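Let me begin by presenting the structure, written as structure tokens, before commenting on it.
What you are looking at is a predicted structure, and each value in this text was computed from that prediction instead of being measured.
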Amino acid sequence: MAGARPPAGGLGVSLTRVAARLTTPFAYLAVLGGLQLSVLWTLRPHIGIWLPATATAGLVVVLVLVRLKPGPGLATWGVAALGAFTAIGPTLSAMLERPRVGLTMEHDGMLQVESAIDRVLHGLPIYGVDWAGTPMASVPWGLTNGPNPALHHLAYLPLTVLAGVPLRLLTDALGLPFDYRLVLVGFALLGLLAIAALPLSAQRRIMLMTVLFVSPLITLYLWSGRNDIEFLAMLLLSLALLARGRPILSAGALGIAVALKPFAWPAVPLLLIVLMLRWRDRHDRRELAVSLLSLIAPSAITILPFFFANPHAFYTDVVLYTSGGVPDAYPIEGYGFAELLYNARVIASRSDAFPSALFQLAAMSPILWLAGRALLRRATARRWMAGYTSLLLAFCFFARFFNDNYVAVVIALALCLPPLATTNLMSPAALQPRRLAA
């Protein structure tokens, strides 16, 4: 009928249907997997043609499996295998080619960590030292005038370096060249296991695997040796253990994530809220005390020895260098607020100081208040992850620099929210182990 109005809520219903169609395993695989393939084909001069060709065939197979739904196990294993192949395959290829062709797409931070591992094994300091004579110095730098400021600072926490020591000793014993991406491959596999441990349906598990391993959001940076996969894997493991009713192990996993990268810090108050809810439910002081100890121990064990060895050097490298507290601090750049101010000529130079901590505190405080209230009402994995993702976005956006891989991490975590929707961190299943013990 001419002039008839659409039914009430019609637009909302339509948008809901569109969102529902986009947040399905098939849509995730088709869109994110397609992006992964496009990047793989672009990188064929570095990784060859067989990797993208095999990945293309694999994606077609898993799309058919997900569409036909022959059984949850077969489709899940297919996506897990595809994720492992597309994430780890190019990484191994780059590692094998490196001794023959030299440096190609390796990240300068990875090269610095490799040199730091060598210094640790020789009993030498890793903070407050000059890296000009290391392979990192050969990587081009064009963001600012002069040499790479990282040649005088190591911004990574000690555990990032220490995590590579056992594999370095193993490769030395076997007479093989060491590449830090071996460590990253191990964390990638751990991330897959963490997703498998989450109490989710097969369809939701497939979506999570797709976001993190069949997508260039994380793997593109994994291939070149950036270490975001380390704290992400431990963060997922912490969430899985929390959902399985293992708060002590969950706190330990998050403690390791914090000791690996400061990006994990925003998750700490959210974990504390869940621990408080568990204590309120059962009044188990031992569980609460040991959980707090597990959360603190990894940072205390790995950071304090290096801090006390040279407090000024550690504080300068890890804190002042990344926050703009030294003349040769990491320059303002990326996609954040500081870059906007620089482009608007409010900040004259990329090397100028910027009070990032004040902006971060102002942005994160209301987010934490809202996320905390949401968790107190109903502690679900989705609300936990939504709170963490929002806090991380505020932390990164108002930091001195907001790099492309940081943007990718935030987007990936946001895409993890739909499949986590039904996981309750305070469900009977999560509380069962302690009650059975009682």
Note to self: Quick check against the 3.5 Å criterion: does S138 have a side-chain atom that pairs as donor or acceptor with the backbone of P135?
What the structure shows: yes
Item checked: Donor-acceptor under 3.5 Å (S93 side chain, G89 main chain) -> no
Notebook entry, point to check: Distance-only, no hydrogens or angles: does the R205 side chain make a donor-acceptor pair with backbone N or O of T76 under 3.5 Å?
Noted result: no
Next item on the list: Establish, yes or no, whether the cationic atom of R382 lies under 6.0 Å from the six-membered ring centre of W384 and within 45° of the ring axis.
Entry: no
Notebook entry, point to check: Side chain of S299, backbone of I296: donor and acceptor closer than 3.5 Å?
Noted result: no
Next item on the list: Could you tell me whether R350 and E339 make a salt bridge, using a distance below 4.0 angstrom between a side-chain N and a carboxylate O?
Entry: yes
Margin query: Just verifying a value: how many Å separate L182 CG and L92 CG, rounded to the nearest 0.5 Å?
Written below: 7.5 Å
Notebook entry, point to check: With distance as the sole test, does E333 use its side chain to make a donor-acceptor pair with the main-chain N or O of F401 at under 3.5 Å?
Noted result: no
Notebook entry, point to check: Roughly how far, to the nearest 0.5 Å, is the CG atom of N310 from the OG1 atom of T316?
Noted result: 8.5 Å
Margin query: Test your reading of the model: is there a side-chain donor-acceptor pair from S250 to the backbone of R246, 3.5 Å cut-off?
Written below: no
Next item on the list: Report the C-alpha separation of L32 and V214 in whole Å, then their side-chain angles, then the decisive distance to 0.1 Å, and conclude whether the side-chain contact (heavy atoms from CB on, under 4.5 Å) test is met.
Entry: CA-CA 7 Å; L32 297 175; V214 194; over 6 Å; no
Next item on the list: For the pair R181 (side chain) and W223 (backbone), establish whether a donor and an acceptor sit closer than 3.5 Å, ignoring hydrogens and angles.
Entry: yes
Next item on the list: Dump the intermediate steps for salt bridge (charged side-chain N to carboxylate O under 4.0 Å, His left out) on D404 and R226, then the final yes or no.
Entry: CA-CA 11 Å; D404 49 358; R226 300 198 193 191; 3.2 Å; yes
Note to self: Within the supplied structure, the quantity of interest is the number of heavy atoms (other residues, nucleotides, ligands) at a distance under 6.0 Å from Y335 OH; does it exceed 12?
What the structure shows: no
Next item on the list: Dump the intermediate steps for side-chain contact (heavy atoms from CB on, under 4.5 Å) on L189 and I88, then the final yes or no.
Entry: CA-CA 9 Å; L189 294 174; I88 297 174; 3.5 Å; yes
Next item on the list: Taking all non-hydrogen atoms of both residues into account, name the closest pair between L63 and A30 and its distance.
Entry: CD2-N, 3.9 Å
Notebook entry, point to check: Can L157 and L260 be said to form a side-chain contact (heavy atoms from CB on, under 4.5 Å), step by step?
Noted result: CA-CA 6 Å; L157 292 174; L260 285 166; over 6 Å; no
Notebook entry, point to check: Judged by atom type as modelled, is there a donor-acceptor pair below 3.5 Å linking the side chain of N403 to the main-chain atoms of Y406?
Noted result: no
Check: For the residue pair P305 and A300, what are the closest heavy atoms and their distance?
Finding: CD-O, 3.9 Å
Margin query: To the closest 0.5 Å, what do you measure between CD1 (I301) and CG (L159)?
Written below: 10.0 Å
Margin query: Taking P125's backbone N and O only, do any of them form a donor-acceptor pair with R119's side chain (distance below 3.5 Å, no angle check)?
Written below: yes
Item checked: Atom of A264, atom of L254 and distance for their closest heavy-atom approach -> O-CD1, 4.1 Å
Margin query: Using the rule side chain to side chain contact (heavy atoms under 4.5 Å, CB included), only one of V79, L222, I229 pairs with F213; which is it?
Written below: I229
Next item on the list: Find the distance between CZ (R204) and OG1 (T23) and round it off to the nearest 0.5 Å.
Entry: 9.0 Å
Checklist line | Closest contact, heavy atoms only, L154 versus I126 | finding: CD2-O, 3.5 Å
Check: Is the ring centre of F398 less than 6.0 Å from the ring centre of F337?
Finding: yes
Check: Quick one: does H107's side chain have a donor or acceptor within less than 3.5 Å of a partner on G109's backbone?
Finding: yes
Next item on the list: Could you tell me whether the side chains of T104 and E97 share a donor-acceptor contact shorter than 3.5 Å?
Entry: no
Next item on the list: Would you mind reporting whether V274 and L270 have side-chain heavy atoms less than 4.5 Å apart?
Entry: no
Checklist line | Min side-chain heavy-atom separation V407-I411 under 4.5 Å | finding: yes
Check: Minimum heavy-atom separation for L192 to A84, with atom names?
Finding: CD1-CB, 4.0 Å
Next item on the list: To the nearest 0.5 Å, tell me how far L417 CG sits from T380 OG1.
Entry: 9.5 Å
Note to self: Using 0.5 Å steps for rounding, measure from the CZ atom of R383 to the CZ atom of R373.
What the structure shows: 11.5 Å
Notebook entry, point to check: Taking F314 as the fixed residue, which of F306, Y156, Y127, Y321 is the one that meets the ring pair (Phe, Tyr, Trp, His ring centres under 6.0 Å) rule?
Noted result: Y127
Notebook entry, point to check: Without hydrogens or angle criteria, can the side chains of S215 and Q36 be said to hold a donor-acceptor pair below 3.5 Å?
Noted result: no
Item checked: Nearest heavy-atom neighbours spanning L29 and V66 -> CD1-CG2, 3.6 Å
Margin query: Can you confirm if the aromatic rings of Y342 and F354 lie within a centre distance of less than 6.0 Å?
Written below: no
Notebook entry, point to check: Going through the distances and angles, do F402 and L393 end up as a side-chain contact (heavy atoms from CB on, under 4.5 Å)?
Noted result: CA-CA 10 Å; F402 190 14; L393 174 59; 4.2 Å; yes
